[in-house]
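Here is the structure we will look at.
First the proteins, then the strands, lettered A, B, ... as listed; each starts at 1. Keep in mind that this is a model prediction, so the values were computed, not measured.
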Amino acid sequence: MKNLRANLRVQLRGLRLNQQINGKWYTPFNILAFYLPVLANYITIHFSGSVITALTEGRSFWACFRYVLISAGLVFAVFLVRRFIMRATMDMNWTAWYRREMYMTRKALSLDFAQTENPEISAMLGKAENNSQTYNGLAHQPILIRSIAVSLLSVVTATGMSSGMLTARGDTSQGGVLQWVNSPLFAALFVLFVVLLILLSVWGNDARSKHRFEGHQLLGKLHMVRRYYERRVLNESGSGEDIRLFRERPLIAEELENGISAVSRRAAAINLRAGSTFGMITAVVTAVIGGAVYLFVGLKALSGAFGPGKVVEYYGVMTAMISAFSDLALQLGMMRSNRRFLEEDLAFFDLHSEMKNGTRSVEGIDPQNVEFAFHDVSFRYPGSEPLVLDHLNLTIRTGERLAVVGRNGSGKSTMIKLLCRLYDPTEGSITVNGVDIREFDYAEYLKLFGVVFQDFTLLSFTVAENVAASETYDEDKVMRCLDTAGVGERVRRMPKGVRQCVTKLYEEDGEDLSGGEAQKVAIARALYKDAPFVILDEPTAALDPKSEAEIYARFNDMTGGRTAVYISHRMSSCRFCDRIAVFADGKVVEQGTHASLLGENGAYAALWNAQAQHYTQ
Amino acid sequence: MKKEKKEKTKQPYSYFSNLRFICAAQWKFRKSYLFAAAAAAPMASVSSVLAAFLPKVVLDCIERHVSPAELLWRVGVLSLCAVLLVAAENLLNTYCDTSMIIAADSFWRMQITDKIMDMDYHIFTRKGTRSKREKAMNSLMRSGPDGFIRINIHLFSALFGFSAFTTIIVRCSFWFIPALIAGYALSMLGWKALQKFRDKLKDEEARIRLRMDYISQRSKDFAEAKDIRVYEMQPMLDRKAEQALEKRVSLLHRIHTGHMLNTLLEDVLTLAVTIGAYAYLIHLKLHTDMTLGDFALYLGAITGFGSWLTRLADAFSESLECAHSVGDYRSFLDIPDERKRTGEALPTGDALPCAIEFDHVTFAYEDAEKPTIRDFSLTIRPGEHVAIVGDNGAGKTTLVKLLCGLLAPDSGHIRVGGRDVQAYGRDDYFTLFATVLQTVNFLPATVAKNVALCPEEEIDRDRLWDCFRKANIDEKIASLPNKENTLMVKDIHEGATAFSGGEQQRLLLARALYKDAPILVLDEPTAALDPIAENDLYMQYNTFAADKTSIYISHRLSSTRFCDRVVLLADGTAAEVGSHDELMRAGGAYAELFRLQSRYYEKEANAQ
């Protein structure tokens, strides 16, 4: 009972979410669109009975044919309504996938960056996505609700139409079997028999749907493995070279055998077992009840309880009712097993941004005078042990150009993430002109930065939209920023200029940019913000010497009078910065100018010499 | 009817050759499915014919006032038959369904996978192959090869049901058949028109779908998460999704209006047939000695005939569609390879390390305006270490692919160990190379398997750890809870370890060292490494490249210092060749490039 209530609660929450996604008319229209043909079928059955009754009574052609016309008129009216409702329903159903996708997209976009890096949350999203693709959980619920409602309505209609079947009594004066057929006991036994069989079928379907969930989970994993191999390993941009040069074929074949074939066979075995036993129960039950109904109404008709017309009608009604019942059993079972998928979906949609947002605006801050300071900042990534930043103290002053260097994993990029509030410090605080950054409204706070991340990405929208990060932009300013970043000429050469899309993923006539060009557009994006603070993280790692030299040469133009932080493994970049901070083990271990640090002969000198020795004769 | 019309290309396979191909393969893989499918063929249609006769039997009994015992006997036997048929049909269908899935996952798809991994690389990367591969993959999605037997069974069963119902109707009146078919044809015309309309909208539909997919993928694939948040691009993404959805809704509404009109036409036709059938049958019943049972039987047959017509037509078009899918599938498998599988013996013993000679090599990618490698000549002595430098797009990676035998030159020769590369067996030749290439795609398997790249039991653990040490990743691996048996690829395995870019490069290096082949090729192996790690690699390079011929590609000109010779590649040809010192003295393009990169490192360098 408790279980049932819990299930009901989950279903209701799912229903509410579905209504939010698809609108309030979605479910009622669906039910109506699918119930109307059922109703039309009942009308047809009823009047075909009437025609036969009229025929057996020896009535005239028109007396019989009248019923045909009435039936056809009614059915046509029902169909007319149905088709109109169906069109609206199809409009909704055919976009349901997209609406759900959009809803999920919105949810994903509303998450904090920290949440996007949380493997648990990625797993939640993965499950919700998988459910949506395989039509489980939220995606399946409206269909289940519709089928259940339609089946219920069908059973109700059929019950109303067939009530006479049990109560009608024939000539009670006959002896033998036929008299017994008319007794209430016979009717009661018949009902009991049918009810028992239906219960059997409900049980069978329920058991079957449990197995289905088991099989489905196996298949979910299988699809994930397959998607990975097909998208990342086995296509043209995958590992074609490595597979051949390293003779990976037997290994991959073995991995696929274990990860896909074996799983598929296990899932198939489960489905086969469930399908052949439980699935067969429903089919057999339906056939047995069909025979029983014919015997029952046949015997009653022989006893004179009703004529052949009613036999046809009752049989038709009962067949429809039984199929509605077995459908109902199946759908209820599915609804129960769908609960687990639904819970997975709800878990994802229940996620909320956890970042505490302040209220301060940055208006009071003079762009000419912005000082950032890390005070004893320690940080570890959620769920992991080691400290990435360990009591970090660092001040970044207005107008200076700061180079940040250090070994892999010394905390440089993490420092940037904290500065942008993509994560909050585990201990300590970061301040702007003495104010804790957590006190600012986040959108306001972001106005202070233009960042080019190491793994920056451009969207496949137009160049201008990328630079302005918005659909509305000042075209002259966009062009100015592109020029400053050194990619203006390239953009002018594009047929549509700044209105040309980047890559062909969104617009077919988009243009592909080389790594260096894309990097420059990303820099233009950082400049467009007019933020007092520019951060460049490893902007030259993938560039050839010429492009690298070009970025170095433009560095001053690009940053203008702004405060700039430059992170790089290319030690050469330290030469055009005012100050250098050397990171090691999450701390700043040395600070100073290139000359002073080389003089200290410490960590900086080690980094510098490791690289410089190869360039100096 | 709903099927989209595809641009059909002519295929060399006939319908029956496809059927033969599928049956033969299935026979080899799993015979039982064939038997089950053959047995299931007549079931569905027999049971629906039976269902059509049941009301007739009951009504006849009542009309003739038979004894209850006779009714019991007649209806009982028929019902029992129906029950048995249903049970058998269900069992066979479930068995067929599961067999189909097993065959699809374990057999049909594996054939494609195997072909992808086995075919010649240069053929695999051709544009034409790509579309063939995609079509073959799609054929699996649409149950092409695995569903072909099934669809033929459907076709057979529809044909049987159609004939049975035709026979019943003809006993009553022949004229219903042409009338019913004419009605059906009329409604088909409606669907054809709608299809034409849809085809016209297809491109726009595809464009909208592309956009929606792009937006939802970008938003959920968290690779863009940072940029989207820091630049507050959420509203832009949201609005673009909204716009795409609106367009799609208006497009669909037009299609659904067409759908509505068509279905209404069908409704009218169905009703007309029903009214006609009733009129004729009532007339017969009143004026002939037709029994009530026959009345019900004919009525059921005439009103049910439409569904058999639809089933037959659908099964027919689906079977053609499916045969085409099978053709797509076979077209990919039948792509012939060009390279020889066996050839001369590889150089061994004294012949190692091998010399490499590029002799006027030219190579162009298909559709490329100009060759990527142009008249490239270079002789690499046995055991020599060569650095290749040049701009992005100069052809460095292509050169490596040519050397490794992945691509073949359009003209000129590449000789390894004194023999033309083409003389060796394709797969034997690959064993000569240990490579670190730029594309990294680790397998969702253990670290050990990803480095050794062979099945579990063949991994040499000592050698594995030795390579971890050489590649400087041993400490990291030792710190993992499951050591070298830790799983990789977080998307697939919960709890898998994610390695940073630098760590991935070290793993790739370990992999190349584990293979221990006579020729070592490294393509940008230090891009993600910090200066000290980079320097460590430089320092060790001569140890692990000892006794090997090696090629080192990098943007970092510092890497040329520990190589014997430098090749500056420009526009696909060797612009300058010589030792670092020679090239610096020559004062050409290389010297210029080196100065460009090194000027910031010089002691008295001016930072501006």
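- Residue B:H259 touches chain A through its side chain alone, counting heavy-atom pairs closer than 4.5 Å.
- Looking at B:I62, the atoms closer than 4.5 Å to chain A (heavy atoms on both sides) sit in the backbone and in the side chain alike.
- Proximity to chain B (any heavy atom under 4.5 Å) is shown, for A:L245, by both the backbone and the side chain.
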Step by step, would you call B:L245 with A:M102 a side-chain contact (heavy atoms from CB on, under 4.5 Å)?
CA-CA 9 Å; B:L245 181 69; A:M102 237 171 89; 4.0 Å; yes
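- For the pair B:Y231 (side chain) and A:V451 (backbone), a donor-acceptor distance under 3.5 Å is present.
- Heavy atoms of B:L406 lying under 4.5 Å from chain A belong exclusively to its side chain.
- Contact count against chain A (heavy-atom pairs under 4.5 Å) is highest for B:M137 among B:E63, B:M137, B:R426, B:H65.
- When the candidates A:R244, A:E254, A:Q611 are compared by the number of heavy-atom contacts under 4.5 Å with chain B, A:R244 comes out ahead.
- Counting only distance, with no hydrogens or angles, the side chain of A:R247 and the backbone of B:C454 share no donor-acceptor pair below 3.5 Å.
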Begin with the C-alpha distance, continue with both residues' side-chain angles, and end with the deciding distance and a verdict on side-chain contact (heavy atoms from CB on, under 4.5 Å) for A:R265 and B:S106.
CA-CA 8 Å; A:R265 277 195 294 273; B:S106 312; 3.3 Å; yes
Go through B:L237 and A:L459 one step at a time and tell me if the side-chain contact (heavy atoms from CB on, under 4.5 Å) criterion holds.
CA-CA 10 Å; B:L237 283 163; A:L459 294 172; 4.3 Å; yes
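- Here A:N271 contributes atom CG and B:T98 contributes atom OG1; the two are 7.5 Å apart, rounded to the nearest 0.5 Å.
- Residue contact with chain A, scored on non-hydrogen atoms closer than 4.5 Å, involves the backbone and the side chain of B:I215 alike.
- Both the backbone and the side chain of A:L80 come within contact range of chain B, with heavy atoms under 4.5 Å apart.
- Looking at A:R106 and B:E242, a side-chain N of the basic residue comes within less than 4.0 Å of a carboxylate O on the acidic one, giving a salt bridge.
- The contact between B:V58 and chain A is made entirely by side chain atoms (from C-beta outward), counting heavy-atom distances below 4.5 Å.
- Ion pairing of A:R249 with B:D118 is present here, as a side-chain N (NZ or NE/NH1/NH2) and a carboxylate O approach within less than 4.0 Å.
- Contact of B:Q234 with chain A is made through backbone and side chain together, with heavy-atom distances under 4.5 Å.
- The candidate with the highest count of non-hydrogen atom pairs below 4.5 Å against chain B, out of A:A443, A:A301, A:A253, is A:A443.
- For B:C404, the parts lying under 4.5 angstrom from a heavy atom of chain A are both the backbone and the side chain.
- Both the backbone and the side chain of B:L252 come within contact range of chain A, judged by heavy atoms closer than 4.5 Å.
- For a residue to count as touching a neighbouring chain, one of its non-hydrogen atoms must lie under 4.5 Å from one of that chain's; by this rule B:F107 does not touch chain A.
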Would B:V57 and A:Y294 satisfy side-chain contact (heavy atoms from CB on, under 4.5 Å), going step by step from the backbone distance to the final call?
CA-CA 10 Å; B:V57 172; A:Y294 255 138; over 6 Å; no
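- Using a 4.0 Å cut-off between charged nitrogen and carboxylate oxygen, B:R211 and A:E507 count as a salt-bridge pair.
- Heavy atoms of A:A267 lying under 4.5 Å from chain B are absent altogether.
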Go through A:S460 and B:Y214 one step at a time and tell me if the side-chain hydrogen bond (donor to acceptor under 3.5 Å, both in side chains) criterion holds.
CA-CA 9 Å; A:S460 305; B:Y214 175 78; 2.9 Å; yes
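- Judged purely by atom type and a 3.5 angstrom limit, B:K449 has no side-chain atom pairing as donor or acceptor with the backbone of A:E255.
- At least one side-chain heavy atom of B:V249 sits less than 4.5 Å from a side-chain heavy atom of A:R99.
- With respect to the salt-bridge test (charged N to carboxylate O, under 4.0 angstrom), the residues A:D242 and B:R511 qualify.
- Of the atoms belonging to A:D112, it is backbone heavy atoms, and not side-chain ones, that fall under 4.5 Å from chain B.
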